[in-house]
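Before any comments, here is the structure.
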Protein chains: 2
Amino acid sequence: MDGASRQAPQRAREDGPARRDPEGVRRDILAAAGAVFAEKGLSGARIDEIAARTRTSKRMIYYYFGDKEGLYRACLEAAYEQVRRGEEELDLAGLPPETALARLVAFTFDHHRRHPDFIRMVMVENIHDARHLRGAASARSLNRPAIDRLRDILERGRRAGVFRPDIDPLELHWLISALAVFNVSNRATFSTLFGDALFDEAGQARLRERAVEMVLALVRIPQEHR
Amino acid sequence: MDGASRQAPQRAREDGPARRDPEGVRRDILAAAGAVFAEKGLSGARIDEIAARTRTSKRMIYYYFGDKEGLYRACLEAAYEQVRRGEEELDLAGLPPETALARLVAFTFDHHRRHPDFIRMVMVENIHDARHLRGAASARSLNRPAIDRLRDILERGRRAGVFRPDIDPLELHWLISALAVFNVSNRATFSTLFGDALFDEAGQARLRERAVEMVLALVRIPQEHR
DNA sequence: GACGGAATGTACGAAACGGTTCAAACATGC
DNA sequence: GCATGTTTGAACCGTTTCGTACATTCCGTC
């Protein structure tokens with residue numbers, strides 16, 4: 001073949017001699033499969049279609065991932081990892097609790113909106129009763145920090161006398177997730193039934209604002225009680 | 001065709017074989033198909049499995065519904081119809097606006113919880129970008145009353161001076177739906193990642209209470225501004 | 001410069017699946 | 001009771017689809 005494609009193993013040779021580019025092939029497959037699974041679901045996805053969207057062949061899918069479910073599991077874990085890692089960008093340290101919470105809600109809203117394929121994978125997985133996620137121990141530990149972050153904010157707010165003391169961080173996470181996830185997961189049916197006024201830029205900005213207001217209104221101690 | 005004189009056949013003989021019963025057969029198929037589609041999705045569902053859960057045969061499915069997609073569409077419409085009809089039970093007339101809104105939120109929360117198969121159908125449909133729902137004109141008209149009900153409550157609250165005037169009923173419906181739907185649609189992944197403390201009876205009662213608080217806190221004019 | 005294991009391409013098999021054929025059984029109008 | 005169109009069951013058909021067998025290429029090492 002040509003010599004140009006040969007220099008592919010461009011990664012610095014750390015421990016192993018990267019011959020052809022197994023890691024790259026894996027990533028390539030994972031990206032293609034992730035897109036197709038998100039679009040069509042587990043049973044709706046066709047291995048041949050995934051292979052076609054790849055720079056490599058169907059044979060490689062089975063070589064690296066065993067079977068369709070193995071590939072799906074790998075996609076699921078990769079999706080969680082990518083999205084949760086993206087959340088680490090958010091730095092709330094030093095902000096006053098109310099500002100921190102407002103920023104967290106707004107960020108979560110936008111973050112989910114930026115990752116519709118992740119949301120679709122989660123929906124697909126819920127259709128399957130989270131059967132595949134259950135095996136992934138990584139996912140559990142990957143998600144715990146979200147709760148910790150909230151607990152911290154709530155605690156700081158409580159100490160500052162601006163937040164109610166009876167709000168459970170897990171409940172709050174549930175509430176915030178509900179808004180941020182629903183916005184993406186049910187966009188198609190919602191806009192079909194009620195029009196898409198809520199889903200253009202202005203509408204989304206308003207919804208995000210409402211979400212922030214709503215969470216803060218729940219958590220705050222009303223002025224007259226302070 | 002005549003509507004009245006045709007429904008005779010299955011009536012009298014309860015335990016007899018009721019040979020000809022088109023309407024009954026249709027309902028039977030729809031029920032079985034609804035369950036399977038909700039469980040496995042459109043592409044995951046197997047016509048043979050649906051047929052097996054039926055008192056009749058695969059042949060009848062094609063006789064009555066044409067093909068798999070036709071059957072799916074019929075299930076989708078039936079699901080929306082059944083659930084929206086169930087919402088008509090709720091009577092809020094005469095209640096003060098705050099009470100009415102609180103009751104509406106609590107009812108919506110419980111109602112969705114009682115109909116997980118409907119939620120699953122909606123999820124499946126969202127995976128398909130609402131392609132099949134788009135054709136169903138009935139669904140659109142079926143859902144409009146939900147907005148009207150909210151508009152009415154908001155308007156009454158505004159006139160009574162207890163609700164903010166800048167809340168759009170559509171936005172509010174979005175918010176309420178997000179909480180009620182997410183609670184069912186993402187239960188599997190959420191409880192896998194964070195435990196199922198929120199999903200036993202006590203947990204669900206707490207979540208419902210939070211949802212009510214949250215919506216009311218958003219819509220109310222704060223005491224000190226009245 | 002041949003060896004051996006890892007990586008890749010090709011082509012195919014077996015089962016699953018959606019959908020159809022054919023004819024028999026049936027209710028109902030005449 | 002008979003003719004007629006409707007309703008049903010069982011076997012069947014052509015494709016699609018997952019997965020694999022086998023051949024081949026690549027590359028570090030001896």
Side-chain angles (χ1 to χ4, degrees), chain A residues 1-11 13-30 32-33 36-37 39-75, chain B residues 1-13 16-30 32-33 36-37 39-75 132:
Chain A
M1 319 288 164
D2 60 345
S5 65
R6 186 64 45 75
Q7 99 285 54
Q10 84 280 34
R11 74 204 199 100
R13 14 198 66 216
E14 311 141 56
D15 33 24
R19 300 153 137 85
R20 271 177 265 181
D21 189 13
E23 227 12 77
V25 171
R26 262 190 73 100
R27 270 199 310 275
D28 184 25
I29 293 175
L30 232 37
V36 176
F37 281 133
E39 196 182 324
K40 316 249 179 113
L42 173 51
S43 48
R46 299 285 157 249
I47 291 279
D48 285 303
E49 186 189 349
I50 294 172
R53 294 206 200 180
T54 288
R55 269 187 301 280
T56 174
S57 70
K58 179 161 72 156
R59 179 69 185 77
M60 285 298 92
I61 293 174
Y62 286 95
Y63 184 74
Y64 284 115
F65 299 98
D67 61 4
K68 197 183 185 184
E69 286 226 349
L71 178 58
Y72 172 79
R73 274 195 304 272
C75 286
Chain B
M1 299 174 184
D2 58 346
S5 63
R6 186 59 55 79
Q7 103 277 60
Q10 94 282 26
R11 204 55 87 233
R13 35 184 86 235
R19 306 300 278 209
R20 286 203 166 190
D21 183 13
E23 230 7 81
V25 170
R26 261 189 73 100
R27 271 200 311 274
D28 184 26
I29 293 175
L30 231 38
V36 176
F37 280 133
E39 196 183 324
K40 317 248 179 115
L42 173 51
S43 47
R46 298 288 157 246
I47 292 280
D48 285 302
E49 185 189 349
I50 293 172
R53 293 206 200 181
T54 287
R55 270 187 300 281
T56 174
S57 70
K58 180 162 73 154
R59 179 67 186 78
M60 284 297 93
I61 293 175
Y62 286 96
Y63 183 77
Y64 282 114
F65 299 98
D67 61 4
K68 195 185 188 183
E69 286 226 349
L71 178 59
Y72 172 79
R73 274 195 305 272
C75 286
H132 314 88

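Chain identifiers are assigned alphabetically (A, B, ...) following the order of the sequence lines, protein sequences preceding nucleic acid strands; residue numbering begins at 1 within each chain.
Between Lys68(B) and Ile61(B) there is no side-chain heavy-atom pair separated by less than 4.5 Å.
In this structure, Tyr62(B) atom OH and dT21(C) atom P are separated by 13 Å, rounded to whole Å. One interatomic measurement links the two molecules: CD1 of Ile50(A) to P of dC18(D), which rounds to 8 Å at whole-angstrom precision. One atom, NZ of Lys68(A), and another, P of dT17(D), lie 9 Å apart when rounded to the nearest Å. Nucleotide dC17(C) holds its P atom 9 Å from the NZ atom of Lys40(B), rounded to whole Å. The distance from atom CG of Asp48(A) to atom C1' of dT10(C) is 13 Å, rounded to the nearest whole Å. In this structure, the CG atom of Asp28(A) is 14 Å from the C1' atom of dT8(C), given to the nearest Å. We find that CZ of Arg59(A) is positioned 9 Å from P of dA21(D), with the value rounded to whole Å. Rounding to whole angstrom units, CD1 of residue Ile29(A) and P of dA7(C) are separated by 12 Å.
Residue Val25(A) has its side chain nearest to dT8(C) when only dT20(C), dT8(C), dG19(D) are considered. Side-chain atoms of Tyr64(B) lie closest to dT7(D) of the nucleotides dT7(D), dG19(C), dC18(D).
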Steps toward side chain to side chain contact (heavy atoms under 4.5 Å, CB included) verdict (Phe65(A), Arg26(A)): CA-CA 9 Å; Phe65(A) 299 98; Arg26(A) 262 190 73 100; 3.7 Å; yes
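Both Asp67(A) and Met60(B) lie near DNA chain D, and the one whose nearest nucleotide falls closer to the 5' end is Met60(B). Nearest-nucleotide positions on DNA chain C for Tyr63(A) and Ser43(B) put Tyr63(A) closer to the 5' end.
The heavy-atom pair separating Ser43(A) from Ser43(B) by the smallest distance is OG-OG, 3.4 Å. Here the closest non-hydrogen pair linking Ala45(B) and Lys40(B) is N-CB, 3.8 Å. The two residues Ile50(A) and Ala32(A) make their nearest non-hydrogen contact at O-CB, 3.9 Å.
Contact annotation for Ala45(A): backbone-only contact, meaning every heavy-atom pair under 4.0 Å involves sugar-phosphate atoms and none involves a base.
Of the side-chain N and O atoms in Arg46(A), one or more sit less than 4.0 angstrom from OP1 or OP2 of dT17(D). Residue Thr56(A) places at least one side-chain N or O under 4.0 Å from the OP1 or OP2 atom of dG9(C). For Ser57(B) and dT8(D), the shortest distance from a side-chain N or O to OP1 or OP2 is not below 4.0 Å.
In this model, a side-chain donor or acceptor of Lys58(B) finds a partner on the base of dG19(C) within 3.5 Å.
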